[in-house]
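Below is one structure, written out as structure tokens; comments come after it.
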Amino acid sequence: MHITKAEARKILAQKRAALTDSECMKLDDLLLIQLQRIDWSSTSILASFYPLAHKNEPNTLLFEKYIKTLYPFIRFCYPIVQAKINAMDFYFETETLQLNAFGIQEPLPFNKVTPDLIDSMLVPLLGFDQKGHRVGFGKGYYDRYLAKAGKDLQKIGVSYFEPMDNFTDTNEFDVPLTCCITPWNTYEFE
Ligand code: ADP
Ligand code: MG
């Protein structure tokens with residue numbers, strides 16, 4: 001069965017909203033195990049994202065703690081969005097964080113990281129398909145940002161759910177993932 005991105009977005013948003021806190025915590029622990037299988041040794045700068053807890057997003061802070069303990073030289077950066085133009089940029093993390101218009105934490109805008117400097121990125125998503133195409137939240141923030149990044153950037157999707165059948169309406173703007181972790185598997189794409 002093939003499905004459109006909008007259909008997948010609706011199904012996955014409902015599935016995610018139905019997860020309980022304890023289910024999310026278990027899925028986060030399983031995602032951490034998959035994350036431990038990734039080779040971080042050639043990553044110096046890692047782009048991550050802050051989770052919106054009440055939206056049942058994977059707890060990237062758990063992943064950050066693991067990576068920082070084992071790879072203390074890796075520097076983390078996080079997005080700051082410019083909602084008016086559906087764009088975002090990444091900045092090195094700061095001790096003080098601020099909330100944006102969507103209620104998502106952001107670093108203070110001191111040190112911008114240009115896309116070419118980022119080695120790996122944890123990419124938030126609602127779902128993905130067998131080819132590594134991603135369904136985001138429907139505004140194209142990541143597609144627009146990744147269009148500016150080089151081919152070498154390792155784009156690691158983080159998904160609570162297994163891949164969907166292929167999306168029928170991906171377009172030239174949809175930047176595919178390099179790989180995607182789920183609680184049970186790691187999928188590599190070409
Ligand atoms: P998402 O990736 O968030 O799930 P979509 O793939 O549906 O959302 O993209 C949302 C919108 O953003 C689409 O209209 C898409 O054409 C547009 N878009 C994505 N990337 C770019 C880009 N690089 N330049 C211009 N528009 C873009
Ligand atoms: Mg897209």
Side-chain angles (χ1 to χ4, degrees), residues 1-19 24 27 31 46-60 63 77-91 99-107 112-183 185-190:
M1 195 192 85
H2 295 294
I3 191 168
T4 65
K5 289 191 288 178
E7 286 163 350
R9 197 173 283 124
K10 203 172 153 203
I11 293 168
L12 292 161
Q14 283 173 358
K15 228 170 132 178
R16 184 190 278 198
L19 295 171
C24 287
L27 296 175
L31 280 171
L46 172 59
S48 185
F49 61 93
Y50 287 116
L52 250 179
H54 65 276
K55 281 268 178 80
N56 289 349
E57 284 208 298
N59 183 9
T60 49
F63 312 154
C77 56
Y78 285 90
I80 295 184
V81 303
Q82 286 176 271
K84 276 188 200 143
I85 55 166
N86 281 357
M88 63 179 179
D89 277 302
F90 283 79
Y91 288 77
L99 285 185
N100 69 18
F102 304 108
I104 302 171
Q105 290 188 304
E106 294 185 338
K112 193 181 199 162
V113 185
T114 53
D116 55 300
L117 290 177
I118 302 174
D119 301 300
S120 303
M121 181 183 287
L122 297 177
V123 183
L125 46 76
L126 275 167
F128 67 109
D129 73 7
Q130 320 264 358
K131 290 186 175 161
H133 286 124
R134 164 180 172 277
V135 168
F137 300 90
K139 289 192 177 152
Y141 276 92
Y142 275 83
D143 289 327
R144 230 173 258 112
Y145 188 82
L146 291 171
K148 298 185 285 181
K151 287 236 177 307
D152 291 341
L153 169 56
Q154 180 176 222
K155 298 168 281 283
I156 307 165
V158 182
S159 175
Y160 274 155
F161 305 116
E162 292 298 293
M164 312 280 283
D165 288 325
N166 290 334
F167 303 137
T168 51
D169 58 343
T170 50
N171 59 45
E172 74 272 25
F173 293 134
D174 284 311
V175 179
L177 298 166
T178 312
C179 62
C180 191
I181 59 170
T182 72
N185 290 294
T186 297
Y187 296 89
E188 305 265 358
F189 305 106
E190 334 158 72

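Numbers for residues simply follow the sequence, beginning at 1. Computed from a predicted structure; not experimentally measured. Both backbone and side-chain heavy atoms feed into the values below; hydrogens, waters and symmetry mates do not. Order of listing sets the numbers, starting from 1, for every ligand and every atom in it.
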Decide whether an N or O pair under 3.5 Å exists between Arg144 and ligand 1. yes
Honestly, for Arg9 the part within reach of ligand 1 (heavy atoms, under 4.0 Å) is side chain
If I apply the N/O under 3.5 Å rule, does Gly136 come out as touching ligand 1? yes
Going by distance only, is there an N or O of Gly140 that falls short of 3.5 Å from an N or O of ligand 1? yes
Worked check of side-chain contact (heavy atoms from CB on, under 4.5 Å) between Ile11 and Ile3: CA-CA 10 Å; Ile11 293 168; Ile3 191 168; 3.6 Å; yes
Is atom 13 (C) of ligand 1 in close reach of the protein, with a heavy atom under 4.0 Å away? no
Output the list of atoms in ligand 1 that are nearer than 4.0 Å to some heavy atom of Asp174, sorted by atom number. 6 (O)
Measure the acute angle between the ring planes of Phe90 and Tyr142, then classify it against the limits of 30° and 60° as parallel, tilted or perpendicular. perpendicular
Need the ligand 1 atom indices (1-based, order shown) with element for anything under 4.0 Å from a heavy-atom of Arg134. 2 (O)
Which ligand 1 atoms, with their elements, are less than 4.0 angstrom from a heavy-atom of Gly138? 1 (P), 3 (O), 4 (O), 8 (O), 10 (C)
Closer than 3.5 angstrom, by distance alone: can the side chain of Asp129 be matched with the main-chain N or O of Met164 as a donor-acceptor pair? no
Please report the interatomic distance CZ(Phe49) to CE(Met88), rounded to the nearest 0.5 Å. 11.0 Å
Residues, nucleotides or ligands: over 12 heavy atoms within 6.0 Å of Lys148 NZ: yes
Looking only at protein heavy atoms, which one is nearest to atom 2 (O) of ligand 1, and how far off is it? Asp143 OD2, 2.8 Å
Starting from atom 23 (N) of ligand 1, find the nearest protein heavy-atom neighbour and note its residue, name and distance. Phe173 CD2, 3.6 Å
Please determine, by modelled atom types, if Gln154 and Thr178 share a side-chain donor-acceptor pair under 3.5 angstrom. no
Rounded to the nearest 10°, what angle sits at the Mg ion (ligand 2) between OD2 of Asp143 and OD1 of Asp174? 100°
Kindly check if the number of other-residue, nucleotide or ligand heavy atoms within 6.0 Å of CG (Asn171) is above 12? yes
Taking only heavy atoms of Lys5 into account, list the atoms of ligand 1 that are under 4.0 Å away from them. 5 (P), 6 (O), 7 (O)
Check: Arg144 side chain, Phe173 main-chain N or O, donor-acceptor pair, under 3.5 Å: no
Any heavy atom of Tyr142 under 4.0 Å from ligand 1? The part involved is neither
Looking only at side chains, do Tyr187 and Gln130 share a donor and an acceptor under 3.5 Å apart? no
